[in-house]
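Here the structure comes first, spelled out in structure tokens, and everything after it is commentary.
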Amino acid sequence: MSLQNIIENWSSYRKGAEQGGHHNYEHLWGMVIDLNKCTGCGACVTACYAENNLAVVGHEKYSRNLGMNWLRIERYWDEPDLGEESVAEYQHHGASFLPMHCQHCSSATCEPVCPVAATYHTPDGLNAQVYNRCVGSRYCSNNCPYRLRYFNFYSYYEESWPAPLHMQLNPDLTVRDKGVMEKCTFCVQRIRTAKDTARRERRKVRDGEFTTACAQTCPTSAMTFGDLLTLHTPGGGVGETEAASLWKKHQVELGKSRQQKQNPELRGYRVFEGLNTDPRVLFLERVREV
Amino acid sequence: MSVTGLLFSGHSSCTRADTVVDRGIRRLPVLVTLFVLCAFAFFLPQPAQAQSPIPNAVPPTDTYSGPRVEQPIEFPHDVHVEQNGINCMYCHTYARRSKVAGIPPTSKCMGCHLVIATDKPRIQKLTEYWEKREPPPWNKVHDLPDFVHFNHEKHIDRFVLGNDFPVERVKEVCAFCHGEVKNMTVAEKSRPLTMGFCQRCHQANEGPFDCWKCHK
Amino acid sequence: MNLEMKRREFLKVMGWTGAGLAVAACDRPSFITSREGRNHVVSYLEPEEFAIPGVGVTYASTCQQCPSACGVNARVREGRVLKLEGNLNSPLNKGKLCAVGQASLQNHYNPDRITKPRVRRDGRLVEIGWDDALALLREKIGPDAGLNGKRFAWMTDTISGHQAVLVDALMESLGSNNHYVYEPINSAVWRAVCRDMLGDENPRLGIEKARVVLSFGADFLSTWGGAVSGSARYAEFRNAPRGVLIAAESKMTQTGANADLWVPVRPGSEGVLALGIANVLASSHGRDLSALPASVRAQIDAHDAAKVAGITGTSEEHIKRIAELLHERSPSLVLAGASAEGHEHGYDSVAAAMTLNLILGNVGRTIESSAGFPFPQLRARSGNGRSVIDFAQALEEKRFDVVFFKGVNPAFTAPAALRLNELLAGGPFKVALTQFEDETTLLADLVLPLYSSLEDWGTHVPSIQPERNFISIQQPVMEPLYPETRGFGDLVLSLLHMRGDKDYAGYEDYYAYLQHAFVALPADVKNSVTKGVGGDAAFWSAVMQQGVLEFNTATPAALVAKPVAFEVQAAAAEGNGYFLLPSANPNLWDGRHANLPWIQELPDTISKAVWDSWAEIHPKTAAKLGDVKTGDVLRIASEHGTLEVRAFVYRGMHPDAIAIPVGQGHTAYGRYAKGRGVNPYAILATAQDRKTGEPAHHMTRVNASVIRRADVTWNNGSGMDRLVVQGGSSTQVGRKLVVTVSADQFERTEGGRA
């Protein structure tokens, strides 16, 4: 195997066995976000702050782009087709909202550059960040095409949770200190709790048994979280999770940098798919009556 | 409906140590006591060896000896476990259901000690707390860093409940990490509880090696 | 370089090295973070059977962040509440929750809460005990105080359920009927129009049933009529067959930002636009207007599309397109909110919008009665904006000796031109029942600290009942953080006891009263919950677990539409300057959430700005003011005052308007709110809607000029001389991040349409 081969096929080393890769995934957590329904309200953002002990950095630090929002909603205005000079006088079709959190790429660009293996892929297909292993090189965030990794430039806990605000902190996960990288974990503490409960009850994790904080709170239910691999239904039988069925319905396949859909009009797409990062978040295109 | 007991647990992952009380440098007598106790423990008979070993388990062997943690009441684990044969999970009842084993509620202590041994000074001290309606401020002995999320339930499941091992002998499994508490008065840390310690045991017992099992 | 070196081999080597290092390092205990013997572990004194440390318990309660009354589930671990989720049992929010609801936690744990009663002595508020505070109250409103009930007033926010019953009882005991229910962000004009034209003040709006929704500034996705229930209906509306959302407004609201078609309207001319649409519906699509009063028909006839386009600034083409969509896709739904209401002719504009519903036959299809809630005494007393004007008037006439405030901050939200601060400062004895040191609390003579919403008991009845009638239960999810705070119900009950009220003498506390009230419910209500198994205790605990109590009520009678005459006009063309739009902020609301750090750091939906105020202007306006760029500081002056605020330039504004979101500009209210941004309420005129008397908040005229340019360079040291917004580019720069497809395509693939 030549270096050229490695460069061309390196993502196969991150792929699951079912795609001809090396991983024997236990689960493959993924998400679907319907931009036809997202209203950009920000409930998911605050839910994430509450669930994941995200630091509030304040006005001055925010002005230096130090906000620690693992989940952010990007708002874009319409633009003229590239090359065209004039812009419509008004924003006639509203805004475009895009909730962005770690895409948990199957072939994540952040993982191979970490000098200490603090970021890696878990057996259930999550892109993990191990705080106590992180040395703060920030190579990973430099290498993330989505800019979804957040670095603790300060010991935010010193000012973020003046008593008694600190009593709200979620004891299921760490409060991060200066010098470590952090990012969306797909609410790994909820995943672990659900798996522990299932194990105690001698069964598999069921679809819909738990979800991430953002998907749970979303007022329009625009987000669907679930296992893209195993297919255990609430009844205990085997079927398809809601998330997996949406991926299938929109004919988007993991492990591809360019989709060949039978019906090209289907709305599913992944952001920057062409970079071959193989993201695990499927977006459904925004719809407008034109 | 009422919500009793506001509990500031050491398990809170808040690194702001608002609930921390620094005891300062240990005085010499404590160390001497510690030494004496250790020596005493060494000469005790070890009844566990007489019984059959725990199936599917390779107990860890590392040892540790550090400063002894003082407690508001010198709780005699040995009297309860060794002399009276009380199961660990009678008091640390959450171990099979939760990530934490739990410190018994004061009401549980008083359940017996309203009538038993009420003349002992330790019990009188306990009764004082009970009458003040305050739980004793126990000090944490087996403390892990905030980025480590140990789960009692899963370990009990692996070695006892899911392992056909009699629950009556659970203390032998507890001893993996907590040492021979049955021979101690106040609990002491006698295993290093470092990541190396965890890893060696996970290796020997085929435990998971995914970082995010424990660090998140 | 050995190009043939296998990657897996390479990884293996790396792995071994790494593992070796790791093990070596991993045997060193971490002294930095492990605190053996220095951390306390505190056990329960007596545990609840169901509480497992490390696992937690969930309690159902009701969110109190806005008047919606969404059900919440609070996750409580080791006695601390950690997280709120929507309560799946609530027919209103169905398991969902908005950002502000999530942030209730920071209201509860806020470091700036008032923990002890305070009294004004020598001009300063000093802490006292409850005994002294209650003794002082007895002096003022006790049975021997000799207070004339007419000289007592109470201003509250929207209040419902058993708290409302107690407040009524106290008012009755005092012989007062001066209960002012004040909500700065409200839909009072809409409610008045609904009352007059439909005979129901709070009709249920079937957004999900409509195929077209036309909103004249009714921001139903955030501040209008309940964000979460509105969003849930909207989500259903967007399923195939996909509904079309049209927004006609002067400032893009969150609803407008999600519209298929957003059209600008000159402020105050929403009614004219509605007439223009009616005109096209009649002239081009043959809609029947005969049921309308002659005067209304005449107005519709007089407003053809071309004329309306001239007045409103909405293009003729768009007017025709909107009419066409409304005509072709039925049923539809026309809504009108703050920007239509906020003028002297606000009622008429909203009535014109409602007339469109009549013409289109929407009443009974997408607009239905929500009547039928079986306990009228528990219904919501919905707030309005007029009450603060009436209140100021009464203060001016020195009609009060004692006033109470609860849940309102009029010293911040009333237009400064009402001089409320001045009138209060010299006026009556003021009692603030509050959690925080806000502007009104600082003026008070006696401050009584309340429990947070997560520590208190209560029952809440949403003003618009969803498909199923219900009461939402609020119960404490945690022990009170501060021993010297009290529950609202407990406090009112103790005042009733002090007054010697016989009816309430038997209830020791509010909990006992509530429990009695529930147990006294009719047997069929109780059986519907318990299915006949178990007695009152089982019923009570079932209700507490569910967090809601639903009633099986008969379907209310159909609404009968009744057109009314109105006189639509556009805002005066003369008058200098721009219209100042004090826009309702989806997250800060009327300013009550400005003390929540999560909300301050949550970027605004439209501008993406954090921790600050901004003025939204159209690029044309920006050009006129002298090439203003986002971040430049504008001076905005009305005849009542001046504000300095950074500009935010985008194409979702009418060029004649400047919008400044309300909620910032606090001079008190804790560390997170104080001294941040500007308060547009401060420079508003005091005009009122002619028919309802509601404040006409959208017709203040202002002048604007640029006084300082933003410095967007990175090396200026402070990095702060600009509007702080999240994100970089405001367009996708061709990156295809958000791809938009046509509704036709959506219908083909997901609607089953060929």
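Quantities reported herein were computed from a predicted structural model and do not represent experimental measurements. To find a chain, count down the sequence lines: A is the first, B the second, and so on, and within it residues start at 1.
Two residues are said to be in side-chain contact when any heavy atoms from C-beta on lie closer than 4.5 Å; Phe283(A) and Leu737(C) fail this criterion. Using a 4.5 Å cut-off on side-chain heavy atoms (C-beta onward), His92(A) and Pro264(C) make contact. Proximity of His59(A) to Gln600(C): side-chain heavy atoms (C-beta onward) are nowhere separated by under 4.5 Å. At a threshold of 4.5 Å between non-hydrogen side-chain atoms, the residues Val56(A) and Trp611(C) count as touching.
Annotation: Lys178(A), atom NZ; neighbour count of heavy atoms from other residues, nucleotides and ligands within 6.0 Å does not exceed 12.
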Exercise for the section: Just do the side-chain contact (heavy atoms from CB on, under 4.5 Å) check on Met68(A) and Glu601(C) with the steps written out, would you? Expected result: CA-CA 10 Å; Met68(A) 301 300 281; Glu601(C) 199 148 307; 5.9 Å; no

Problem - Intermediate values then yes/no, side-chain contact (heavy atoms from CB on, under 4.5 Å), Tyr90(A) and Thr314(C) - result: CA-CA 11 Å; Tyr90(A) 296 103; Thr314(C) 312; over 6 Å; no

Problem - Residue pair Arg75(A), Tyr650(C): steps toward the side-chain contact (heavy atoms from CB on, under 4.5 Å) verdict - result: CA-CA 12 Å; Arg75(A) 184 266 299 121; Tyr650(C) 77 124; over 6 Å; no

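Heavy-atom distances place both the backbone and the side chain of Leu165(A) under 4.5 Å from chain C. Only the side chain of Asn263(A) has a heavy atom closer than 4.5 Å to any heavy atom of chain C. Within the 4.5 angstrom heavy-atom criterion, atoms from both the backbone and the side chain of Leu261(C) approach chain A. Heavy atoms closer than 4.5 Å to chain A are found in the backbone of Asn110(C), but not in its side chain. Contact annotation for Phe272(A): only side-chain heavy atoms (C-beta onward) come within less than 4.5 Å of a heavy atom of chain C. Contact annotation for Pro586(C): neither backbone nor side-chain heavy atoms come within less than 4.5 Å of a heavy atom of chain A. For Leu602(C), the part lying near chain A is the side chain, with the backbone staying farther off; criterion is any non-hydrogen pair under 4.5 Å. Neither the backbone nor the side chain of Val116(A) comes within contact range of chain C; no heavy atom of the residue lies under 4.5 Å from a heavy atom of that chain. Contact of Asn69(A) with chain C is made through the side chain alone, with heavy-atom distances under 4.5 Å. Only the side chain of Arg242(C) comes within less than 4.5 Å of a heavy atom of chain A; its backbone N, CA, C and O stay farther away. If you measure heavy-atom distances from Asn587(C) to chain A, the contacts under 4.5 Å come from the side chain alone. For a residue to count as touching a neighbouring chain, one of its non-hydrogen atoms must lie under 4.5 Å from one of that chain's; by this rule Ile606(C) touches chain A with backbone and side chain alike. For a residue to count as touching a neighbouring chain, one of its non-hydrogen atoms must lie under 4.5 Å from one of that chain's; by this rule Tyr672(C) touches chain A with the side chain only. Heavy atoms closer than 4.5 Å to chain A are found nowhere in Ser222(C), neither backbone nor side chain. Of the atoms belonging to Ala232(C), heavy atoms from both backbone and side chain fall under 4.5 Å from chain A. Within the 4.5 angstrom heavy-atom criterion, no atom of Ser104(C) approaches chain A. Heavy-atom distances place no part of Cys44(A) under 4.5 Å from chain C, backbone and side chain included. Val741(C) touches chain A through backbone and side chain together, each having a heavy atom under 4.5 Å away. Interface remark: His618(C) contributes side-chain atoms only to the contact with chain A (heavy atom separation under 4.5 Å). Only the backbone of Lys736(C) has a heavy atom closer than 4.5 Å to any heavy atom of chain A.
Residues Glu289(A) and Ala743(C) share a closest heavy-atom pair of OE1-CB, 3.3 Å. The heavy-atom pair separating Thr220(A) from Ser231(C) by the smallest distance is CG2-O, 3.3 Å. Residues Leu98(A) and Val738(C) come closest through the heavy atom pair CB-CG2, 3.6 Å. The minimum heavy-atom distance between Asp260(C) and His93(A), with the atom names listed, is O-ND1, 2.9 Å. Shortest non-hydrogen contact noted between Thr605(C) and Gly40(A) is CG2-O, 3.2 Å. Minimum interatomic distance between Arg651(C) and Asp78(A) (heavy atoms only, all atoms of both residues): NH2-O, 2.9 Å.
Checking side-chain atoms of Gln168(A) against main-chain N and O of Leu82(C) turns up a donor-acceptor pair under 3.5 Å. Checking side-chain atoms of Arg267(A) against main-chain N and O of Gln745(C) turns up no donor-acceptor pair under 3.5 Å. A donor-acceptor pair is defined here as one N or O able to donate and one able to accept, closer than 3.5 Å; no such pair exists between the side chain of Tyr234(C) and the backbone of Lys37(A). In terms of modelled atom types and a separation under 3.5 Å, the side chain of Thr217(A) and the main chain of Leu97(C) share a donor-acceptor contact. Judged by distance alone, with hydrogens and angles left aside, the side-chain atoms of Arg80(C) form a donor-acceptor pair with the main-chain N or O of Met167(A) at under 3.5 Å.
Contacts with chain A were tallied for Pro597(C), Ser729(C), Gly230(C), Ala257(C); Ala257(C) has the most, counting heavy-atom pairs under 4.5 Å. The greatest number of non-hydrogen atom pairs below 4.5 Å with chain A, out of Lys94(C), Arg735(C), Gln726(C), Arg113(C), is found for Gln726(C). Counting heavy-atom pairs closer than 4.5 Å to chain C, the top residue among Leu284(A), Asn132(A), Ile73(A), Val271(A) is Ile73(A). Ranked by heavy-atom pairs under 4.5 Å with chain C, the first of Val57(A), Asp34(A), Thr193(A), Leu54(A) is Val57(A). Most heavy-atom pairs under 4.5 Å with chain C: of the set Ala222(A), Gly94(A), Pro164(A), this distinction falls to Pro164(A). For chain A, the option among His318(C), Met653(C), Arg676(C) with the highest count of heavy-atom pairs below 4.5 Å is His318(C).
Lys83(C) is linked by a side chain to side chain contact (heavy atoms under 4.5 Å, CB included) to Ala47(A), Ala50(A), Glu51(A), Arg190(A), Ala213(A), Arg75(C), Glu85(C), Gln102(C), counting only residues two or more places apart in sequence or in another chain. Judged as a side chain to side chain contact (heavy atoms under 4.5 Å, CB included), and not counting sequence neighbours, the contacts of Val610(C) are Tyr62(A), Pro603(C), Val724(C).
Ion pairing of Arg77(C) with Asp172(A) is present here, as a side-chain N (NZ or NE/NH1/NH2) and a carboxylate O approach within less than 4.0 Å.
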